[in-house]
There are 2 protein chains.
Amino acid sequence: MPVAVNSEETYFQIGEAADRTRLTQRTLRYYEEKGLLKSPSRMDGGFRLYSREDVERLERIKEFKDLLGFSLAEIREMLDAEDLRLQTRSEWRRDADASEKAAKIGVVRGMTLQQMSLLDDKMKKMATMRGELAERVDKYDSLLAQWAETAGKERTGWASTSGETATKCSVAPMSIPAACG
Amino acid sequence: MPVAVNSEETYFQIGEAADRTRLTQRTLRYYEEKGLLKSPSRMDGGFRLYSREDVERLERIKEFKDLLGFSLAEIREMLDAEDLRLQTRSEWRRDADASEKAAKIGVVRGMTLQQMSLLDDKMKKMATMRGELAERVDKYDSLLAQWAETAGKERTGWASTSGETATKCSVAPMSIPAACG
DNA sequence: AGAAACATTGACGTTCGCGTTAACGTTGAG
DNA sequence: CTCAACGTTAACGCGAACGTCAATGTTTCT
């Protein structure tokens with residue numbers, strides 16, 4: 001059960017944080033050790049207390065790893081960028097100088113753009129690969145269709161052995177995958 | 001220099017193969033050891049000779065690794081699938097039974113679809129991430145614009161410090177990246 | 001034939017990303 | 001107070017994916 005410290009802020013011990021993120025306790029400690037997570041607060045006895053934000057951050061780390069196959073070092077960089085973003089935002093009001101604000105925002109914006117172009121790059125290449133695969137599938141289909149024709153009435157019933165996962169989305173070589181879900 | 005063995009077939013020693021693929025010799029031997037590459041032919045003295053196909057395969061392996069962050073084991077699976085595909089194709093003519101052909105094609109088609117859905121999955125998630133990033137950039141832009149307005153004539157000239165990589169593609173949250181290159 | 005350049009097979013070393021165990025402290029329910 | 005459940009640090013272990021010698025053989029150029 002989540003631990004309520006005071007008022008309405010909920011914190012989680014390492015066990016629950018691990019459960020929620022589907023990571024292990026060891027992994028959480030490891031990420032902390034590697035600086036991917038700012039050291040979480042502790043209770044009097046020394047038990048770690050993870051905030052909601054901490055948990056969210058962990059979930060993001062997981063996405064970065066699983067989805068993009070980034071190393072922890074790379075992920076750290078991306079997260080550092082984001083930290084700067086948040087820090088910038090919190091300092092926004094009390095920041096005296098004017099052009100300084102703009103400069104900071106510019107930096108953050110630049111980093112965000114870099115991350116985007118990195119994503120674009122990967123997506124583009126993946127789209128290319130997908131296109132090649134789709135071409136093949138089409139080729140198989142027409143091959144099978146043509147075959148079924150020459151075979152006359154005898155329906156072959158080739159319901160491809162296992163999971164028909166990417167249902168029928170094989171055509172349209174370059175269409176956005178979001179449109180296929 | 002590439003080594004011409006006979007007639008028009010060109011082969012490469014490990015050094016050049018490594019250069020071309022931007023991998024190390026060690027890596028090539030390692031991949032061979034791990035079965036990602038069928039053992040290349042050798043010259044009399046025992047030197048490895050890589051064919052064009054071998055080099056292409058190596059390049060594909062690299063793409064899989066860098067682009068998708070797959071483990072070598074996973075890559076091996078994908079490549080095995082492709083091997084089956086080629087094998088199927090070469091056996092196509094001399095294969096006697098009819099429904100057997102269809103079955104084989106069905107299997108290969110199924111594997112291809114699986115790979116596609118895997119790609120789709122990743123691309124979809126990446127598109128989501130990209131969308132979030134784009135939103136941020138837009139927010140920064142409007143913030144800066146609004147700021148420049150209130151500041152009157154004094155143009156701040158905030159040409160974001162470094163590489164403006166993802167040029168202007170920040171809007172259109174879900175557009176296919178290929179359209180942005 | 002001799003030397004430089006390139007390759008071969010071990011075999012040990014390294015970094016990453018955790019898993020696992022040990023020995024011990026904390027918390028919360030009864 | 002006691003005891004199970006949960007947490008802590010420290011340390012060693014492990015598989016993946018190579019890096020890095022070292023000792024030896026091969027090719028090629030002159």
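Just so we're on the same page: letters track the sequence lines, and every chain starts at 1.
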Exercise for review: For nucleotides 5-19 of chain C, just jot down a letter per nucleotide in 5' to 3' order: B, S or -, based on protein non-hydrogen atoms under 4.0 Å.
Suggested key: -BSBB-------BBB
Practice item. Identify whether the distance between the nearest side-chain nitrogen and carboxylate oxygen of B/Glu32 and B/Arg48 falls below 4.0 Å. Key: yes
Practice item. Can you tell me the distance, in whole Å, between the CG atom of A/Asp44 and the P atom of C/dG25? Key: 17 Å
Practice item. Please determine if B/Glu59 and B/Arg20 form a salt bridge, counting it only when a charged side-chain N lies under 4.0 Å from a carboxylate O. Key: no
Study note, to complete from the structure: B/Glu74 atom CD is separated from D/dA16 atom P, nearest whole Å, by 12 Å
Check your understanding: Among all residues two or more places apart in sequence or in another chain, which pass the salt bridge (charged side-chain N to carboxylate O under 4.0 Å, His left out) test with A/Lys139?
Key -> none
Point to revise | Note: A/Asp83-A/Lys38 ion pair, threshold 4.0 Å (strictly below) | key: no
Exercise for review: In whole angstrom, give the distance that lies between atom CG of B/Asp66 and atom C1' of D/dA17.
Suggested key: 13 Å
Review point. If only atom types and distance count, is the side chain of B/Lys65 paired as donor or acceptor with the main-chain N or O of B/Phe70 below 3.5 Å?
Key: no
